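Down below is the structure, laid out as structure tokens.
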Amino acid sequence: MQSCLHSSGASGRHPSHPRHQIAGSSWPSSAALQPPGAHQWDLCRRKLPPGCFFSFGDDQPVCYFLLLTSPGPQDPGGEADSDTSARQPLINNEASESKPGSGSPLSLQERWTVFKGLLHYIVPLVLVYFAEYFINQGLFELLFFRNTFLTHAEQYRWYQMLYQAGVFASRSSLRCCRIRHTWVLALLQCLNLAFLLVDVWLSYLPSIYLVFLIIMFEGLLGGAAYVNTFHNIALETSDEHREFAMATACISDTLGISLSGLLALPLHDFLCQLS
């Protein structure tokens, strides 16, 4: 490595800019006269000797990533000013204290009161996600149609794609349609679950395209329930309770998904044995 660096200096090439120093070397101060990176790219364009560096051919800038060290922090004010600026808080305390609801934390009684007021949003969202992910985790693999050109794996991928497309469309539709009574979405999602569960048991649906429509409708219901729940909570809660209310509502989808997974595991095996 040292022979490589000495040979490059002896050939009349100018030293590098101080922001891109070569590891293990010290260049004279005249480096500031060169454009940034001029010497480095000139070095990279040369074919280095085999014993000096790993060369993968001409004009390969491999040395840019291996020879050069990352530039240190450049602060014209000196190290003292740099340390002071680095220790500044990311959030201004004065700005945070001026925001509404940023005073003393909520008491346990206040949190319990807010939680009880959120139940008419939390319970429907839990039911929506329970039914939604019970279908996805327990029934998708069992909804298999032989009278189609799609293989079993391709059918499963289409189910997943249509479900995600429905979720994306409904989560983007808040400007067009706002749903106040989210329990209606929970009821429809539970009907979807019952409908597909009976089809897995009895296989009465004649075409896979009907299942495609139901699964896309499932995604629409799930995305609409999610976005409308949090939108309604943000509008209907006070400034001092909004942050706690939004954080509390986040347990809804997690709880619904976890419960559906626990129940889908044994039921999936049971339905496989029946088929």
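Note that the structure is a prediction, hence the values are computed from the model and not measured.
- Residues Trp158 and Ile215 have side chains not in contact (no heavy-atom distance under 4.5 Å, counting atoms from C-beta outward).
- Leu139 places none of its side-chain heavy atoms less than 4.5 Å from the side chain of Asp199.
- When hydrophobic clusters are built by joining Ile, Leu, Val, Met, Phe, Trp and Tyr residues whose side-chain heavy atoms come closer than 4.5 Å, directly or via intermediates, Phe134 is grouped together with Trp201.
- Considering every non-hydrogen atom in both Thr237 and Ala245, the closest pair reads CG2-CB, 3.8 Å.
- No side-chain heavy atom of Leu143 sits less than 4.5 Å from a side-chain heavy atom of Gln155.
- Contact annotation: the side chain of Tyr121 approaches that of Glu236 to within less than 4.5 Å [non-hydrogen atoms, C-beta and beyond].
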- How far apart are the C-alpha atoms of Cys250 and Phe230, what are their side-chain angles, what is the distance that settles it, and do they pass the side-chain contact (heavy atoms from CB on, under 4.5 Å) test? CA-CA 9 Å; Cys250 289; Phe230 285 97; 3.9 Å; yes

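- Side-chain contact between Trp183 and His120 is absent, with no heavy-atom pair separated by less than 4.5 Å.
- Asn147 and Pro206 make their closest contact through ND2-O, 3.2 Å (heavy atoms, listed as atom of the first residue, atom of the second, distance).
- Using bins of under 30°, 30° to 60° and over 60° for the plane-to-plane angle, the ring pair Phe140/Tyr159 lands in the tilted bin.
- How far CZ of Arg157 is from CG of Leu162: 13.0 Å, rounded to the nearest 0.5 Å.
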- Apply side-chain contact (heavy atoms from CB on, under 4.5 Å) to Asn136 and Glu218, showing your working. CA-CA 10 Å; Asn136 296 354; Glu218 170 207 346; 2.7 Å; yes

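- In terms of heavy-atom proximity, Glu132 sits nearest to Val167 at OE2-CG2, 4.3 Å.
- With contacts defined as side-chain heavy-atom distances shorter than 4.5 Å, the pair Leu221/Phe217 qualifies.
- Here the straight-line distance linking atom CG of Leu267 with atom CG of Leu262 works out to 12.5 Å at 0.5 Å rounding.
- Using cut-offs of 30° and 60° on the angle between ring planes, the pair Tyr129 and Tyr133 is parallel.
- Proximity of Met216 to Phe212: side-chain heavy atoms (C-beta onward) are nowhere separated by under 4.5 Å.
- Counting heavy-atom neighbours within 6.0 Å of His181 NE2, excluding the residue itself, gives a total of 12 or less.
- Side chains of Ile214 and Leu196 form a contact here, defined as non-hydrogen atoms less than 4.5 Å apart.
- Both Leu197 and Phe270 are members of a single hydrophobic cluster when ILVMFWY side chains are connected at heavy-atom separations under 4.5 Å.
- Between Ala224 and Ser170 the shortest heavy-atom distance is N-OG, 3.3 Å.
- The environment of CG in Leu119 is crowded: more than 12 heavy-atom neighbours from other residues, nucleotides or ligands sit within 6.0 Å.
- Hydrophobic clustering of Ile, Leu, Val, Met, Phe, Trp and Tyr side chains at less than 4.5 Å, counting indirect connections, unites Ile208 with Leu142.
- Between Arg111 and Pro105, the closest heavy-atom pair is NH2-CB, 4.5 Å.
- Here the side chain of Ser173 pairs no donor or acceptor atom with the backbone of Cys176 at under 3.5 angstrom.
- Using a distance-only test at 3.5 Å, with no hydrogens or angles considered, no donor-acceptor pair links the side chain of His231 to the main chain of Ile179.
- Note: Glu240 CD to Glu110 CD = 6.0 Å, rounded to the nearest 0.5 Å.
- Closest of all the heavy-atom pairs between Pro124 and Ala186 is O-CB, 3.5 Å.
- Put simply, CE on Met246 and CG on Leu118 are 10.5 Å apart, with the number rounded to the nearest 0.5 Å.
- Of the inter-residue distances, the one linking Leu213 atom CG with Leu205 atom CG reads 10.5 Å to the nearest 0.5 angstrom.
- For the atom pair OG of Ser260 and CG of Leu265, the computed distance is 9.5 Å after rounding to the nearest 0.5 Å.
- Note on Val227: it does not cluster hydrophobically with Leu125, by side-chain heavy-atom contacts below 4.5 Å among ILVMFWY residues.
- Both Tyr156 and Phe145 sit in one connected hydrophobic cluster of ILVMFWY residues. Membership requires side-chain heavy atoms under 4.5 Å apart, directly or through other members.
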